[in-house]
Amino acid sequence: MDERLRSLVDQARARSGTAWDRARHEVEGRADLLDRVREAWRTITPLGRSVMVVGVAAWLVGWLLGWFEFMIVASACLGLVLVSLAFVLGRSSVDITLALDPPRVTAGGTAAGMVGVANRGDRAGSSLRIEVPVGTGVAAYDVPTLAAGAVHEGVFVVPTVRRGVIPVGPATAVRSDPVGLFQRMSSASDATELIVHPVTVPLVPFGTGLLRDLEGRPTSDLSSSDLAFHALREYVPGDDRRHIHWKSSAKLSGGRDGDGPRYLVRQYLDTRRSAFCVVVDSRSSAYADPDEFEVALQVAGSVLLRGCRDGVPSVVVAGG
């Protein structure tokens with residue numbers, strides 16, 4: 001009895017699993033169909049939808065009222081749609097690469113974007129239009145018909161008037177018909193960013209902000225206590241006895257008679273460390289206009305650049 005009951009339970013589980021898989025595959029198939037319908041609908045431009053609506057309306061009026069002229073309009077709209085649709089059918093077989101030269105510039109400098117379009121198909125492709133979003137604008141140019149394996153390169157200029165980060169890309173290949181009823185986008189490249197630095201001016205090395213630090217850099221200033229040994233000198237009252245060099249003092253005292261003991265002390269070079277801390281006020285109320293804020297950033301950038309060139313540890317503090 002137990003074996004029969006167990007067999008019935010296994011059969012019920014198998015039936016439920018099969019039904020669940022069937023339902024899941026059916027739902028996934030419907031989702032794929034909806035995705036394809038949405039993709040096809042996005043390829044139709046507003047002009048194309050208008051032409052379709054006019055064609056359907058003309059056909060209904062001509063069929064209901066028997067007006068031959070409206071049937072001609074409907075036929076013309078249908079023919080225009082079919083001819084335009086032939087330009088965007090088929091998959092695109094092009095690869096698009098996007099690069100910036102240089103990737104970092106100073107405000108007011110020139111940055112060039114290079115787009116490479118390669119036809120990886122076995123036959124010649126149709127003409128394309130390449131669109132590259134640059135900041136809030138779009139750079140576009142036409143690519144002629146490419147033979148199999150051919151490569152086409154285009155160049156565009158990125159304006160760098162102000163400091164900031166300019167997003168560039170992704171580059172997209174746009175296929176459309178001559179009338180503009182359909183538009184299909186494909187083969188998007190990776191996006192990149194252009195870093196625009198503030199304008200800086202060369203500054204002379206700073207001599208302020210020096211602190212005594214045993215791990216700093218040796219200077220030409222003499223010191224009685226440090227790590228950078230310089231030379232030996234004779235002891236004078238007030239010197240720290242911990243810095244007496246006893247071996248050299250014993251040799252000096254033993255070489256002359258009647259003068260008594262003489263002592264030599266170590267002499268060092270000062271080791272100092274300089275640091276820059278630049279504070280930038282990011283409140284809009286602290287400046288008369290945005291241009292004045294840009295000047296403040298230019299000053300901060302110039303100071304930090306001087307610190308980097310001198311090998312000085314530099315810190316910048318700014319708001320959001």
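Quick note: residue numbers are just sequence positions, from 1.
- Contact annotation: the side chain of Phe156 approaches that of Val168 to within less than 4.5 Å [non-hydrogen atoms, C-beta and beyond].
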As a quick check of understanding, evaluate salt bridge (charged side-chain N to carboxylate O under 4.0 Å, His left out) for Arg120 and Asp95, giving each step before the final call.
CA-CA 7 Å; Arg120 303 304 181 188; Asp95 292 339; 3.2 Å; yes
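- Here the closest non-hydrogen pair linking Ala171 and Leu98 is N-CD2, 4.5 Å.
- Residue Phe68 is not grouped with residue Leu60 when hydrophobic side chains (ILVMFWY) are merged at heavy-atom distances under 4.5 angstrom, including chains of intermediate members.
- Counting heavy atoms from C-beta on, the side chains of Thr145 and His152 never come closer than 4.5 Å.
- Side-chain contact check for Ile130 versus Val117: some heavy-atom pair is nearer than 4.5 Å.
- Contact check on Arg184 versus Asp177 returns no salt bridge, with no Lys/Arg side-chain nitrogen under 4.0 Å from an Asp/Glu carboxylate oxygen.
- Between the side chain of Thr43 and the backbone N or O of Phe182 there is no donor-acceptor pair closer than 3.5 Å.
- No continuous path of hydrophobic side-chain contacts links Val295 to Val280 [ILVMFWY only; heavy atoms under 4.5 Å].
- Without hydrogens or angle criteria, Thr45 side chain to Leu181 main chain gives a donor-acceptor distance under 3.5 Å.
- Each of Val299 and Leu304 belongs to its own hydrophobic cluster when Ile, Leu, Val, Met, Phe, Trp and Tyr are linked at side-chain heavy-atom distances under 4.5 angstrom.
- More than 12 heavy atoms of other shown residues, nucleotides or ligands fall within 6.0 angstrom of atom CZ in Arg49.
- For the atom pair Leu78 CG and Met71 CE, the distance stands at 10.5 Å (nearest 0.5 Å).
- The local environment of CG in Asp281 is crowded, with over 12 non-hydrogen atoms from other residues, nucleotides or ligands closer than 6.0 Å.
- Judged by distance alone, the side chain of Asp142 and the main-chain N or O of Arg129 form no donor-acceptor pair under 3.5 Å.
- Within the 3.5 Å criterion, the main-chain N or O of Gly109 finds no donor-acceptor partner in the side chain of Thr106.
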